[in-house]
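Below you'll find the structure, written out as structure tokens, and then a few comments.
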Amino acid sequence: MFTDKEDFKVQFVDKLKTLQGKSIEEASKLDKYQALSALIRDVISKKWVDTNDRYKKTVEKQVYYFSVEFLIGRLLGSNLLNLDVQGICAEGLSELGIDLNELEQQETDAGLGNGGLGRLAACFLDSLASLNLPGHGCGIRYKYGLFEQKIVNGYQVENPDNWLKNSYVWEFRKADKAVKVRFNGTVRTDYSGREPKFIHEGYDTVLAVPYDIPVLGYKSDTVNTLRLWSAEVAEEQFNLSSFNKGDYNQGLEYRYAVEAISEILYPEDSYYGGRVLRLKQEYFFVSAGIQSIIRRFKRHYQSLHNLTDHVAVHINDTHPALCVPELMRVLIDEEGFGWDEAWRITSNTISYTNHTIMPEALEKWPTEIFQSLLPRLFMIVAEINERFCKELWNHYPGDWEKIRHMAIIADGYVKMANLAVVGSYSVNGVAKIHTEILKKEVMRDFYLHYPYKFNNKTNGITHRRWLLKSNPKLASLITNQIGPSWIYHPTDLRNLCRYAHDSAFQHQIEAIKRDNKVKLADYIKNKYQIVVNVNSIFDVQVKRIHAYKRQLLNVLHIMYLYNRLLDDPDLLITPRTFIFAGKAAPGYYLAKQTIKLINAVAQRVNNDVRIKDKLKVVFLENYSVSLAEIIFAAADVSEQISTASKEASGTGNMKFMMNGAVTCGTLDGANIEIRDEVCDANIVIFGLTADEVLNYYQTGTYKSIDIYHSDEALKRVIDQLTNDFLAVSPDEFQSIRDGLLHNDEYFVLKDFAAYQAAQQKIENCFNVPEIWARMCINNIAYSGKFSSDRTISEYAIGIWKIRPFLI
Ligand code: 26Q
């Protein structure tokens with residue numbers, strides 16, 4: 001570690017020479033970024049080794065968080081913050097004529113996630129380490145993360161995300177810790193001994209090689225591990241295979257097939273595509289992770305009987321649900337346990353979080369595919385299913401319908417959510433309303449059967465990345481006003497509410513928001529040559545593009561405002577800049593058309609001189625963690641307008657709130673808890689409630705066409721989708737129009753009038769600066785509950801039973 005700024009400068013210049021063989025004058029920005037990161041990495045590695053030494057000597061319980069996504073974003077900035085060397089580095093570099101910010105921008109985002117679920121996993125790792133909790137991530141080292149999005153002629157175009165192109169400084173390949181994962185083949189049962197033995201034969205071996213990324217706690221000595229597995233050809237398999245038979249091409253094909261497992265992240269969220277490669281990915285990292293946990297455990301303890309006392313395995317949604325049969329397999333086949341004991345251990349070690357109630361997102365694998373890819377696991381799942389169904393039969397004799405519904409294998413499928421619930425001791429939802437819907441609707445039968453398993457853990461976000469790091473000016477204003485305690489105890493932000501009416505403080509808050517808006521406006525101008533008015537309302541909707549999130553409701557409302565201005569160019573309306581960002585799954589036609597529609601509306605609105613720049617619409621391409629960091633800090637209005645009951649929680653809503661934006665939202669997901677914290681005066685809520693939505697689904701009484709015929713202004717907007725209003729062919733948006741008129745599944749038309757009124761209310765509040773500043777301050781003040789430190793403490797105490805571990 002460097003002792004001071006001068007020492008840092010010497011070491012940095014030295015690193016440039018030893019790593020790149022270059023002097024400062026010769027080095028590029030990338031060279032400098034890499035040298036700085038390598039220097040920081042050296043510091044981290046030492047602390048990491050120390051933490052691991054401490055972990056080796058302890059019997060403290062540790063948690064392993066299994067997730068198919070970890071959307072960690074850039075690490076240099078957050079590592080500097082956590083090591084508390086940001087100041088020294090920024091000043092030292094500046095004296096060398098280097099801008100630290102520019103170096104930070106050289107880092108590629110690790111975009112190993114689609115959205116909320118992956119980012120939640122990353123926030124959780126940050127909180128675990130910062131709270132000195134022994135907890136590690138286990139996932140896949142995708143060679144390509146979520147695709148890079150370009151907008152061409154208004155359409156989304158996907159390009160590969162080659163995030164590893166410059167070599168990645170934060171990872172450590174641990175070839176000696178590789179494990180073997182077996183696919184395909186057959187299982188023979190050997191009855192010669194006292195207990196039958198199951199012998200897996202004729203399988204294909206894939207080598208799982210771990211790449212470890214250190215996860216630092218904020219100003220703490222704890223450095224946990226994110227272990228990402230990469231698929232490689234196992235030499236033994238390679239030698240046995242076609243190469244020896246002289247078939248070079250077949251050998252290469254085999255290599256491709258193996259490497260394909262960790263090649264790419266599937267770009268769908270909220271939708272299960274049913275592809276075999278996805279199942280391979282899931283088993284690959286689950287098996288590697290479980291094997292490495294057991295290997296490590298056996299080095300420290302004689303017996304696996306007490307695994308539960310020392311290890312918790314958490315599965316982030318159902319994607320890692322194969323942890324259940326895989327742990328059973330290891331305990332029974334490799335460690336010689338009987339079924340009952342193996343089941344006791346497994347089902348007391350694994351806990352599960354559900355992230356969605358959307359039926360199209362529920363994973364189910366055809367039994368033939370499952371059985372042929374994972375023959376031994378299938379036997380185990382079948383046995384779990386049989387025992388579970390017997391238990392159900394005893395409880396509910398004759399209720400075939402219920403049993404079929406709850407069975408793990410039914411109708412030719414293996415149902416992963418059912419497997420996850422049966423095989424774990426805890427099942428949680430991610431916001432109060434979501435957990436209630438799980439209990440009352442989606443998992444009702446399971447809740448009635450295992451009421452004690454169900455619990456809620458409302459999501460959170462790390463206030464370190466999403467405030468301290470990404471909005472440094474706001475963070476220091478807060479610290480000046482109420483002291484630094486909020487950094488360790490984010491609920492202390494509440495002390496700010498005393499200043500909600502303080503005009504001097506209000507002005508400071510306004511000035512910072514303005515600065516952040518200028519920064520975003522500059523970005524927009526440089527990248528898109530669009531000039532936006534920083535005095536306008538920055539009204540932001542950034543998230544995955546999906547029908548249930550209702551970007552369409554937002555666009556229709558923009559068209560409505562535009563029409564009003566066309567009718568009366570002198571209409572007094574507060575200028576607004578509507579900002580969108582988000583990716584659509586490449587196969588999701590309606591979502592991609594929504595992007596095209598936003599851009600077509602932008603094209604028309606932004607270039608119409610008659611409305612005198614009162615409205616601007618901007619679609620920012622390639623939404624990512626690093627872009628998000630700029631956007632949240634600059635937002636005035638946070639659009640959280642999903643159809644009530646559909647958004648499990650949302651976490652963007654929390655990031656906006658923490659940066660002082662006012663939510664315009666439905667009573668869905670965590671919006672409800674945000675409202676409970678800030679109270680009605682500081683949030684604008686509109687629309688159908690979840691109960692109303694669910695009731696409409698049950699009765700089938702909602703007809704959107706009636707609303708179309710009764711609301712003139714809305715009818716005009718809908719008609720503009722397919723007349724010559726937009727500069728596209730007339731049938732471009734036909735399917736969007738048809739969807740809205742004939743099957744408005746997400747109640748866009750139904751909520752339109754209420755949304756319009758809500759937006760008017762937002763405008764009225766914004767127009768009174770004292771009111772708006774008060775709302776803004778109260779949002780920051782009451783955002784502390786949504787720190788992932790609170791969430792993780794609840795998991796630690798309520799589910800995992802782990803404690804902070806210090807020397
Ligand atoms: C499943 C099978 C095959 C391929 C892909 C998938 C898949 C991938 C990603 C299914 C779902 C996801 C991601 C879901 C997700 O991000 N859900 C969000 O989780 C957040 C954290 O809890 C919540 O805040 C959001 O409300 C929820 O939508």
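Only heavy atoms go into these numbers, but all of them, side chains included; no hydrogens, no water, no symmetry mates. Every number for a ligand or one of its atoms is a count from 1 in the order of the listing.
A side-chain N or O of Asn316 and one of His355 form a donor-acceptor pair less than 3.5 Å apart.
With a 4.5 Å cut-off on side-chain heavy atoms, Val427 and Phe446 do not count as touching.
With sequence neighbours left out, Lys457 forms a side chain to side chain donor-acceptor pair (under 3.5 Å) with Asn455. Under the salt bridge (Lys or Arg N to Asp or Glu O under 4.0 Å) criterion, Glu326 pairs with Arg329, not counting sequence neighbours. Remark: Glu629 pairs with Arg465, Lys469 by the salt bridge (Lys or Arg N to Asp or Glu O under 4.0 Å) rule, at least two apart or across chains.
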What are the distances between nitrogen or oxygen atoms of ligand 1 and protein nitrogen or oxygen atoms, counting only those under 3.5 Å?
{"unit_1": "ligand 1", "atom_1": "16 (O)", "unit_2": "Leu117", "atom_2": "N", "d": "2.9"}
{"unit_1": "ligand 1", "atom_1": "22 (O)", "unit_2": "His355", "atom_2": "ND1", "d": "2.6"}
{"unit_1": "ligand 1", "atom_1": "22 (O)", "unit_2": "Asn459", "atom_2": "OD1", "d": "2.9"}
{"unit_1": "ligand 1", "atom_1": "24 (O)", "unit_2": "Asn459", "atom_2": "OD1", "d": "3.4"}
{"unit_1": "ligand 1", "atom_1": "24 (O)", "unit_2": "Gly650", "atom_2": "N", "d": "2.8"}
{"unit_1": "ligand 1", "atom_1": "26 (O)", "unit_2": "Glu647", "atom_2": "OE1", "d": "2.6"}
{"unit_1": "ligand 1", "atom_1": "26 (O)", "unit_2": "Ala648", "atom_2": "N", "d": "3.3"}
{"unit_1": "ligand 1", "atom_1": "26 (O)", "unit_2": "Ser649", "atom_2": "N", "d": "3.0"}
{"unit_1": "ligand 1", "atom_1": "26 (O)", "unit_2": "Gly650", "atom_2": "N", "d": "3.1"}
{"unit_1": "ligand 1", "atom_1": "28 (O)", "unit_2": "Tyr548", "atom_2": "OH", "d": "3.3"}
{"unit_1": "ligand 1", "atom_1": "28 (O)", "unit_2": "Glu647", "atom_2": "OE1", "d": "3.0"}

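Looking only at distances, no side-chain donor or acceptor of Asn385 sits under 3.5 Å from a matching main-chain atom of Ala410.
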